[in-house]
There are 2 protein chains.
Amino acid sequence: MQKYSKQTRLLLAVDCIIFGFDGDTLKILLIKRGFQPEKGNWSLMGGFVQPSESLDQASNRILKQLTGLEGVYLEQLHTFGNTQRDPIERTVSTAYFALIDIHKYETQLSNDYHAEWFPLKRVPKLIFDQQEMVETAKRRIRYKAALHPILFELLPSRFTLPQLQTLYESVFNTTIDKRNFSKRVLATGLLIKLADKDKAGSKRGAYYYQLNMKNYYAKFQAFLNFIPNPDTLLL
Amino acid sequence: MQKYSKQTRLLLAVDCIIFGFDGDTLKILLIKRGFQPEKGNWSLMGGFVQPSESLDQASNRILKQLTGLEGVYLEQLHTFGNTQRDPIERTVSTAYFALIDIHKYETQLSNDYHAEWFPLKRVPKLIFDQQEMVETAKRRIRYKAALHPILFELLPSRFTLPQLQTLYESVFNTTIDKRNFSKRVLATGLLIKLADKDKAGSKRGAYYYQLNMKNYYAKFQAFLNFIPNPDTLLL
DNA sequence: ATTATAAAGTGTATTAAATACACTATTAAA
DNA sequence: TTTAATAGTGTATTTAATACACTTTATAAT
């Protein structure tokens with residue numbers, strides 16, 4: 001037996017929703033599309049799946065192409081398969097989302113694609129059904145971050161509690177009491193307090209913390225509940 | 001512009017993990033594969049995505065083909081895209097999982113495929129990477145059911161609290177105190193107590209309940225936490 | 001040198017939710 | 001009418017979540 005000869009073959013793409021945090025706002029990285037159709041319009045970074053690579057490999061390749069980063073948090077989000085989503089030819093696209101330390105990505109590479117960071121509240125019109133992909137990714141990151149410590153992936157390896165709290169407040173668009181927040185976060189055993197301080201954010205300076213990687217991997221799947229009253233979260 | 005002429009096209013399939021509950025054990029529906037390769041071996045119900053249909057349409061078609069059911073709970077799970085997963089020709093497959101009332105499906109149709117229900121703990125060897133698909137589906141259904149009231153989709157429209165509790169205990173492989181369980185479940189406002197009883201399960205009989213559909217849709221996304229200590233749940 | 005300023009850091013009392021736990025009610029069958 | 005099997009219900013205890021305000025520290029301004 002050679003092939004499933006009677007079946008139709010389709011184009012398969014992957015698109016990446018790349019999240020970054022600048023200390024204040026959660027953002028996504030978009031490029032100016034370099035080819036037709038929709039050339040010059042804002043788009044997610046994506047590409048066709050090659051015969052030699054798995055979907056995970058394809059998404060990692062595309063992420064690296066734009067950011068220079070490897071080994072970062074990258075998770076399959078959803079596969080979008082409406083027949084009309086690409087006007088040129090039917091293309092099914094598997095969307096992935098990445099969480100990166102915004103300071104680590106190589107601006108040089110992004111310049112090649114005329115890439116720009118956009119705050120989630122000011123995402124421009126995107127091509128095809130990518131608006132829906134971004135909305136799905138926003139919901140997923142909120143959902144998952146309410147239960148699992150994924151947001152650390154957006155921070156540098158050393159960070160302060162005020163920075164972490166600002167990140168959570170930004171992602172969930174809420175304010176949290178800092179006494180309760182630090183109690184909850186420290187109670188997880190996920191953080192190691194370091195001896196030195198970040199003096200950039202304030203006169204007094206805030207102690208740096210880093211992840212206890214052993215506990216991080218062990219507790220990653222636990223429901224951590226950093227967010228007060230998550231009952232109203234939408235999936 | 002006509003086509004993305006230089007790109008390789010791939011086969012795209014969907015596979016369905018169909019869950020049912022017989023009052024005692026959570027089960028999945030498998031078929032004996034009717035064509036090569038792996039003809040005659042146990043397999044998920046699946047099929048190739050046709051040019052005219054979306055992925056959601058394809059999965060609904062395949063579910064109906066095997067069970068006769070439409071409009072039931074069907075959710076995209078994950079897309080499996082390793083290059084070697086199908087030995088005949090590269091095929092990417094998007095897995096969906098369905099939750100059905102086991103009593104509603106048409107046994108006749110299933111007979112055409114030599115289908116059988118298997119308890120989750122006694123799933124036979126499956127073709128390709130379908131073992132992994134089933135494991136992923138088991139994790140997902142547990143995860144989601146710990147937070148959202150999806151398990152009602154497995155029950156008939158009228159059910160008793162003991163039946164519901166047995167279902168939760170079966171899915172999570174645990175035992176729950178019935179006083180605390182009924183308190184939690186009834187506190188959600190999701191259930192309407194009916195006047196008559198199911199006399200099949202006991203001499204005394206247990207009151208039937210049905211879903212309050214308005215509250216069900218309204219609270220579907222809320223974190224309900226029916227399961228004691230979900231902190232140890234694995235994603 | 002002194003003072004003002006701005007953010008970091010910390011503790012306790014209150015409230016709400018989760019848990020542990022055991023007896024009574026009902027009805028069919030013996 | 002007695003037995004057996006499951007349904008149904010309440011309370012006390014423990015644990016977790018929440019609300020809430022002052023002190024500390026270091027720089028910058030006077």
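Basis for what follows: all heavy atoms, side chains included, without hydrogens, waters or symmetry-related copies. What you see is a predicted model; the values in this text were computed from it and never measured. To find a chain, count down the sequence lines: A is the first, B the second, and so on, and within it residues start at 1.
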Can a donor-acceptor pair under 3.5 Å be found between the side-chain atoms of B/K178 and the base atoms of D/dA7? yes
Electrostatic pair B/D196-B/R158, nearest N-O below 4.0 angstrom: yes
Taking only Lys NZ, Arg NE, NH1 and NH2, and the carboxylate oxygens of Asp or Glu, determine whether A/E75 and A/R140 approach each other closer than 4.0 Å. yes
Which nucleotide in the set [options] lies at the smallest distance from any side-chain heavy atom of [X]?
X      : options                : value
A/S182 : C/dA8, D/dT11, C/dT10  : C/dT10
B/K203 : C/dT5, C/dC21, C/dT27  : C/dT27
A/N180 : C/dA8, D/dA7, D/dA19   : D/dA19
B/R179 : D/dA7, C/dA8, D/dG10   : D/dG10
B/R184 : D/dA7, C/dA18, D/dT9   : C/dA18
B/R204 : D/dG10, C/dT27, C/dA25 : C/dA25

For the pair made of [atom1] in [X] and [atom2] in [N], what is the distance, rounded to whole Å?
X      : N      : atom1 : atom2 : value
B/K183 : D/dT9  : NZ    : C1'   : 10 Å
A/Q165 : C/dA7  : CD    : P     : 13 Å
B/D198 : D/dA5  : CG    : P     : 18 Å
B/K197 : D/dA5  : NZ    : C1'   : 14 Å
A/F159 : C/dA8  : CZ    : C1'   : 16 Å
A/F181 : C/dT10 : CZ    : C1'   : 16 Å

Taking the nucleotide of DNA chain C with the closest heavy atom to each, which residue, A/D177 or B/G205, is nearer the 5' end? A/D177
Cation over ring, A/K193 on A/Y207, under 6.0 Å and within 45°? yes
Assign B/K199 to base, sugar-phosphate, or nothing according to its heavy-atom contacts below 4.0 angstrom with the strands shown. sugar-phosphate
Please find out if less than 6.0 Å separates the ring center of B/F159 from that of B/F152. yes
Would the A/W117 and A/Y105 ring centres measure less than 6.0 Å apart? yes
Nucleotide opposite C/dA30 in a Watson-Crick or G-U pair, distances under 3.5 Å: D/dT1
